[in-house]
Number of protein chains: 2
Amino acid sequence: MTCKKQVKMSLKGMTTNSDKYNSGCPMAYALDIFGDRWSLLVIRDMAFKGACRYGDFLSGGEGISTNILAQRLKQLEAAGLISKDRDPENGRSFVYRLTDKGRDLAPVLVEIVLWSGRHNMAPHALTGTLDKLRADPDGGAAAIRAGRVP
Amino acid sequence: MTCKKQVKMSLKGMTTNSDKYNSGCPMAYALDIFGDRWSLLVIRDMAFKGACRYGDFLSGGEGISTNILAQRLKQLEAAGLISKDRDPENGRSFVYRLTDKGRDLAPVLVEIVLWSGRHNMAPHALTGTLDKLRADPDGGAAAIRAGRVP
DNA sequence: TATTTAGCTTGCAAAATGCAAGTGATTTAC
DNA sequence: GTAAATCACTTGCATTTTGCAAGCTAAATA
C-alpha cells in the first residue's frame with residue numbers, strides 16, 4: 001500500500017492539510033479543499049443564503065461549533081475560495097465572500113442539490129430554491145457565479 | 001445555537017450516521033452520505049476506473065486504510081449508492097457496483113473534476129479523462145450513468 | 001463608564017482515523 | 001491431500017480531529 005506521508009504546514013499556528021494527498025487526481029485535489037463535513041455547508045450558506053458574517057454561519061442551521069468554523073474559514077481562505085474583509089459598517093465585524101474560485105463551484109453545488117432532490121424522499125428545506133434549480137439549473141449556477149442568491 | 005443531537009444507529013455493530021444532521025437541507029442530506037474524505041474517492045474509483053473489488057480500492061492511489069474502507073463500503077451500501085455481490089468467477093471475492101442512485105452522481109463527479117481542472121495548476125492524474133470531460137461533459141456523465149468508464 | 005456584541009481562542013473529553021497485526025474462508029501449488 | 005497463498009475483512013491501540021463549554025479582546029451601544 002503506497003501510503004502518502006502526511007505533510008503538515010503551519011499557518012499561524014493552524015495545521016492545514018495542503019499536500020496531504022498529492023496523488024494529482026482532480027477529485028483528490030477538490031476533496032483536499034472541501035472534502036469534509038463542514039466546508040461545503042459554509043459555502044452553501046454563502047451561495048444560497050447570502051451569509052457573510054461569522055454569526056451567520058454559526059446559526060446556519062446545522063450546528064457547526066465555533067472552533068471548527070474558525071478553522072474552516074481559515075482553510076477556505078487559504079485555499080482561495082473565500083475572502084475576508086473588515087465590515088465597513090461595523091468595525092467589530094468581518095465580511096466573508098466567495099472569490100471567483102469559490103463561486104465557480106456553482107455547478108457542483110447545483111448538481112449536489114439536484115441529486116439530493118432526486119433521491120431524498122424526506123421533506124426538504126430550501127424547497128423554493130430546489131424548484132427553481134430544477135426548472136433552470138444553468139440559471140441557478142449563473143446566479144451564484146454572479147454573486148446573487150438563486 | 002440549535003444543536004441537532006447526534007442519533008447513532010447500530011448496523012451490525014457499526015455506528016452509522018443516518019439522521020445525524022436532519023436539517024432537511026438537500027446539501028446536508030448529500031454530505032451526510034458522502035461528505036467525508038473517502039466516500040467520493042471510492043465512488044471515483046468505480047466511476048472513472050471501473051474498480052469493483054476490495055483490493056482495487058485499497059490500491060486506488062490515495063492510501064485508504066483497510067478498516068476505514070470496510071466501514072465506508074458498508075455505509076455506501078446502507079445509503080443505497082453501491083451494491084455488493086459474490087464474484088461468480090472467484091468464490092472468495094465480492095463485486096461492488098454503483099447502483100442507479102450511485103451512478104446518478106455522475107454530473108456531480110464530472111463538475112468536481114472540471115472545477116479542479118480549472119483551478120489546480122499542479123500536474124494532473126486522469127489527464128486523458130479530464131480532456132474528454134472538458135470536450136464533452138454530458139457525454140462523460142452519460143457514460144458513467146450507463147456504467148461505462150468515460 | 002459599564003454592558004453588550006462580534007469574532008474568535010483555549011482546554012479538555014469524546015469520537016474518528018490510521019497503522020499494524022491477525023482471522024477465516026477459499027483457492028492454487030505441490 | 002496437505003501447505004501455502006490470496007482475498008476480504010476485523011481487532012487493538014496510538015494519534016488526530018471534532019465537539020462542547022468557557023473565556024478573552026476589541027468595538028459599539030447604553
Side-chain angles (χ1 to χ4, degrees), chain A residues 1-17 20-21 31-32 35-39 41-42 45 51-60 62-77 82 84-96, chain B residues 1-17 20-21 31-32 34-39 41-42 45 51-60 62-77 82-96:
Chain A
M1 187 171 74
T2 49
C3 176
K4 323 283 164 170
K5 260 284 132 259
Q6 218 165 295
V7 180
K8 298 248 165 161
M9 282 177 56
S10 178
L11 174 77
K12 274 186 190 164
M14 186 189 58
T15 58
T16 182
N17 25 13
K20 194 164 167 186
Y21 302 90
L31 292 172
D32 233 28
D36 70 279
R37 172 80 216 164
W38 296 111
S39 298
L41 289 175
V42 168
D45 286 343
C52 60
R53 269 174 230 102
Y54 196 87
D56 297 338
F57 305 121
L58 267 188
S59 54
E62 251 75 39
I64 188 172
S65 49
T66 175
N67 53 343
I68 300 298
L69 174 58
Q71 198 182 111
R72 290 298 179 276
L73 288 170
K74 275 182 201 165
Q75 288 178 199
L76 290 173
E77 198 189 350
I82 67 177
K84 178 185 185 179
D85 294 292
R86 298 215 84 95
D87 185 345
E89 326 258 281
N90 185 343
R92 71 196 150 173
S93 194
F94 293 90
V95 176
Y96 292 93
Chain B
M1 184 172 74
T2 48
C3 178
K4 322 282 163 172
K5 260 287 132 257
Q6 217 166 291
V7 180
K8 297 250 167 163
M9 281 176 58
S10 179
L11 174 76
K12 276 188 188 161
M14 187 188 57
T15 57
T16 184
N17 25 15
K20 194 165 169 185
Y21 301 89
L31 292 172
D32 232 28
F34 57 76
D36 70 278
R37 171 82 215 162
W38 296 110
S39 298
L41 289 176
V42 169
D45 286 344
C52 60
R53 269 175 229 104
Y54 196 85
D56 297 338
F57 305 121
L58 267 188
S59 54
E62 249 76 38
I64 188 172
S65 48
T66 176
N67 53 343
I68 301 299
L69 174 58
Q71 197 183 110
R72 288 298 178 277
L73 288 170
K74 276 182 201 164
Q75 287 176 202
L76 290 173
E77 199 189 349
I82 68 177
S83 60
K84 178 185 184 178
D85 294 292
R86 297 214 85 95
D87 185 345
E89 325 260 279
N90 186 341
R92 69 195 150 175
S93 192
F94 293 89
V95 176
Y96 292 94

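All chains are named by letter (A, B, ...) in the order of the sequence lines, taking the proteins before the strands, and each is independently numbered beginning at 1.
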Next on the checklist: In whole Å, I'd like the distance from the CG atom of D87(B) to the P atom of dC7(D).
Outcome noted: 11 Å
Checklist entry - Taking CG from L58(B) and C1' from dC7(D), how many angstroms apart are they, rounded to a whole number? => result 10 Å
Checklist entry - Which of these nucleotides, dC7(D), dC20(D), dA28(D), is closest to any side-chain atom of S93(B)? => result dC7(D)
Checklist entry - What is the distance from CZ of R53(B) to P of dT27(C), rounded to the nearest Å? => result 13 Å
Checklist outcome for this item: Whole-Å distance, F94(A) CZ to dT25(D) C1', equals 11 Å
Next on the checklist: Among dG18(C), dT9(C), dA8(D), which nucleotide has an atom closest to any side-chain atom of I68(B)?
Outcome noted: dG18(C)
Checklist entry - Please give, in whole Å, the distance from dT17(D) C1' to D32(A) CG? => result 15 Å
Checklist entry - Is a side-chain N or O of Y96(B) found less than 3.5 angstrom from the main chain of F57(B), in a donor-acceptor match? => result no
Item to check | L69(B) CG - dT11(D) C1' separation (whole Å) | outcome: 16 Å
Checklist outcome for this item: Quick note, Q71(B) side chain, CB onward, closest among dC9(D), dT17(C), dT9(C) is dT17(C)
Next on the checklist: From the set dT18(D), dT10(D), dA21(D), return the single nucleotide nearest to any side-chain atom of R72(A).
Outcome noted: dT18(D)
Item to check | Spacing of Q71(A) atom CD and S65(A) atom OG [to the nearest 0.5 Å] | outcome: 9.5 Å
Checklist entry - Starting at the 5' end of DNA chain D and moving along, which residue's nearest nucleotide shows up first, E89(A) or D56(B)? => result D56(B)
Next on the checklist: Looking at dC9(D), I'd like to know if its phosphate oxygens (OP1 or OP2) sit under 4.0 Å from a side-chain N or O belonging to Y96(B).
Outcome noted: yes
Checklist entry - Do R53(B) and V95(B) have side-chain heavy atoms sitting under 4.5 Å apart? => result yes
Checklist entry - Of the nucleotides dT17(C), dC8(C), dC9(D), which has the atom closest to the A70(A) side chain? => result dC8(C)
Item to check | Listed nucleotide nearest any side-chain atom of K74(A), set dA8(D), dC7(D), dT9(C) | outcome: dT9(C)
Checklist outcome for this item: Rounded to whole Å, CZ of R37(A) lies from P of dA15(C) at a distance of 17 Å
Item to check | 5'-most by nearest nucleotide on DNA chain D - N90(A) or D36(A) | outcome: D36(A)
Item to check | Integer-rounded Å distance: dA8(D) P and N67(B) CG | outcome: 16 Å
Next on the checklist: Run the salt bridge (Lys or Arg N to Asp or Glu O under 4.0 Å) test on D36(A) and R37(B) for me, step by step, so that the C-alpha distance in whole Å, both residues' side-chain angles and the decisive distance to 0.1 Å come before the verdict.
Outcome noted: CA-CA 6 Å; D36(A) 70 279; R37(B) 171 82 215 162; over 6 Å; no
Checklist outcome for this item: Of the candidates dA6(C), dA22(D), dG19(D), the side chain of S65(A) sits closest to dG19(D)
Item to check | Under-4.0 Å side-chain N/O to phosphate OP1/OP2 contact, W38(B) with dG18(C) | outcome: yes
Checklist outcome for this item: Contacts of L73(A) and R92(A) projected onto DNA chain C by closest heavy atom; the upstream (5') one is R92(A)
Item to check | Non-hydrogen side-chain atoms of L31(A) and W38(B) separated by less than 4.5 Å | outcome: no
